[in-house]
K.L.:
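Structure incoming, see below.
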2 protein chains.
Amino acid sequence: MPTELRRPERTFTIRQLCTEFKATPRALRFYEDKGLLTPARDGMNRVYSYKDRARLILILRGKRVGLSLQEIREIFELYGEEDEVMAQNAHSLKKFKEKIVVLEQQREDIDGAIAELHEACSRLERHLSDKRPDLLPKAADYDQMMRARVDGHAEPVGAK
Amino acid sequence: MPTELRRPERTFTIRQLCTEFKATPRALRFYEDKGLLTPARDGMNRVYSYKDRARLILILRGKRVGLSLQEIREIFELYGEEDEVMAQNAHSLKKFKEKIVVLEQQREDIDGAIAELHEACSRLERHLSDKRPDLLPKAADYDQMMRARVDGHAEPVGAK
DNA sequence: AATGCCCTTTACGTCAACGTCAAGCATCTG
DNA sequence: CAGATGCTTGACGTTGACGTAAAGGGCATT
């Protein structure tokens, strides 16, 4: 019994993925152009599978950590033809280790930057509450707003 | 006794800072153009002080964590004219808090990416040591190389 | 004095990652 | 059957952060 029958084998339109992940059609087509996605077609229209969706998730996360689309594609290629072009893979391994080093450095940088921003913020807040306390509430409101958006991942569409 | 006489009050040429931090003259001039650096002049030539150098370090770190030059400038401005343009500063405060949230998210992402890359690496290494163990040593060597480059900060110029 | 090297400014080029039209099928809906 | 909507493919525009080439000044060595 083929697996296709065991799961609904759900598919997605471009719009569905876009709204789910806060992307744009243009972006998804762009990724496809760059060889990062290869959705099926129903006539003209793109049809995304679960696999495509998973890939998209990886793409977006890769982007968030500062990988270029090119680098992300290299990773995909690695996972794909796992039994082919081994020399290529050895090369990828090298690049991965490089990237890990870079990312670990970035982590330190980020920690530093966060600390600095915190300090800058409290300096500012002290200063403001001193001389212009009227300006503070709105900032605090905004702070609340941001916190709310963080765990929501895909915030409601209307939230501009 | 002015402090200028207590320390050598060393200065730097553009080239010195560039080689120290692996930047280009064009980049430093660009930062200056954008108001991020304001080195003194000796005739036509730029003369960078310790303060300028410290700023440059902050600029580069900011960049590494994904801050735009614009955002970095805002941080600098905050520390500077602390008693002026308070409304502006309230706005900056908002943006800083946003940025902190983003950075904290990035930290998580990076942790995830590091984990994934580690997994990908060990997958690859198992695979390679299985089928093409001959390809492994060079990768390991390279790994060593990278590790050496990390704490060296400014690696020797010839190391291509 | 000429060569070379490093500095300068000005100005145009580039690259990634899309945004933004434009123009055209296809399908549903009143 | 006329819109309206949603998809498609070009093709050009945009933004940030520089790269690169041109044209020249200043100083040191040959």
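Order of the sequence lines sets the chain letters (A, B, ...), proteins ahead of strands, with each chain counted from 1. When reading the values below, keep in mind they use all heavy atoms of this one structure, side chains included, and skip hydrogens, waters and symmetry mates.
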K.L.:
Rounded to the Å, how far apart are A:I72 CD1 and C:dC18 C1'?
P.N.:
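Interatomic distance, CD1 of A:I72 to C1' of C:dC18: 14 Å.
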K.L.:
Do A:Y48 and A:L28 come within less than 4.5 Å of each other through their side chains, counting heavy atoms only?
P.N.:
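Side chain of A:Y48 against side chain of A:L28, heavy atoms only: contact under 4.5 Å found.
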K.L.:
How long is the straight-line distance from CG of B:L37 back to CZ of B:F76, given to the nearest 0.5 Å?
P.N.:
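So the gap between those two atoms works out to 7.5 Å.
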K.L.:
Please give me every residue in residues 25-41 of chain A whose heavy atoms get under 4.0 Å of an atom in DNA chain C, ordered by residue number.
P.N.:
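Here the set is A:R26, A:A27, A:F30, A:Y31.
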K.L.:
Is there a side-chain contact between A:R53 and A:L17 (heavy atoms, below 4.5 Å)?
P.N.:
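Side chain of A:R53 against side chain of A:L17, heavy atoms only: contact under 4.5 Å found.
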K.L.:
Report yes if at least one side-chain N or O of B:K63 is closer than 4.0 Å to OP1 or OP2 of D:dC18; otherwise report no.
P.N.:
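Result: yes.
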K.L.:
Is the phosphate of D:dC7 approached by A:R15 (side-chain N or O, under 4.0 Å from OP1 or OP2)?
P.N.:
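Checking A:R15 against D:dC7: at least one side-chain N or O falls below 4.0 Å of OP1 or OP2.
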K.L.:
Any side-chain N or O of A:R46 less than 4.0 Å from the OP1 or OP2 oxygen of D:dT9?
P.N.:
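Yes, A:R46 has a side-chain N/O under 4.0 Å of OP1/OP2 on D:dT9.
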K.L.:
How close do B:P25 and B:C18 get, heavy atom to heavy atom, and via which atoms?
P.N.:
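Nearest heavy atoms, B:P25 then B:C18: N-SG, 3.2 Å.
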K.L.:
Can you check whether A:S122 reaches A:H118 side chain to side chain, under 4.5 Å on heavy atoms?
P.N.:
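Of all side-chain heavy-atom pairs linking A:H118 with A:S122, none is under 4.5 Å.
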K.L.:
What is the distance, to the nearest angstrom, from the OH atom on A:Y48 to the C1' atom on D:dG6?
P.N.:
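Spelled out: OH on A:Y48 to C1' on D:dG6 is 13 Å.
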K.L.:
For B:N45 and D:dG26, what is the distance between atoms CG and C1' respectively, to the nearest whole Å?
P.N.:
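Distance, rounded to whole Å: 8 Å.
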K.L.:
Hey, which sits more toward the 5' end of DNA chain C by its nearest nucleotide, A:L67 or B:T13?
P.N.:
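It is B:T13, whose closest nucleotide lies nearer the 5' terminus.
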K.L.:
Measure NZ/A:K22 against C1'/C:dC18 and give the value in whole Å, please.
P.N.:
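Result: 17 Å.
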K.L.:
Check whether any side-chain heavy atom of A:T11 lies under 4.5 Å from a side-chain heavy atom of A:D42, and answer yes or no.
P.N.:
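A side-chain contact is absent here, since even the closest heavy-atom pair is not under 4.5 Å.
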K.L.:
Report the distance from atom CE of A:M44 to atom P of D:dT8, rounded to the nearest whole Å.
P.N.:
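About 9 Å, once rounded to whole Å.
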K.L.:
Hey, is the side chain of A:T24 poking within less than 4.0 Å of OP1 or OP2 on C:dG19, counting only N and O atoms?
P.N.:
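For A:T24, the contact criterion (side-chain N or O under 4.0 Å from OP1 or OP2 of C:dG19) is met.
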K.L.:
Could you give the CG-to-C1' distance, from A:L69 to C:dC15, as a whole number of Å?
P.N.:
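The answer, rounded to whole Å, is 12 Å.
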K.L.:
Could you tell me whether the side chain of B:D52 reaches within less than 4.5 Å of the side chain of B:Y31, counting heavy atoms only?
P.N.:
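Counting from C-beta outward, B:Y31 and B:D52 never come under 4.5 Å.
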K.L.:
What's the CD1-P distance between A:I14 and C:dC18, to the nearest Å?
P.N.:
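Atom CD1 in A:I14 sits about 13 Å away from atom P in C:dC18.
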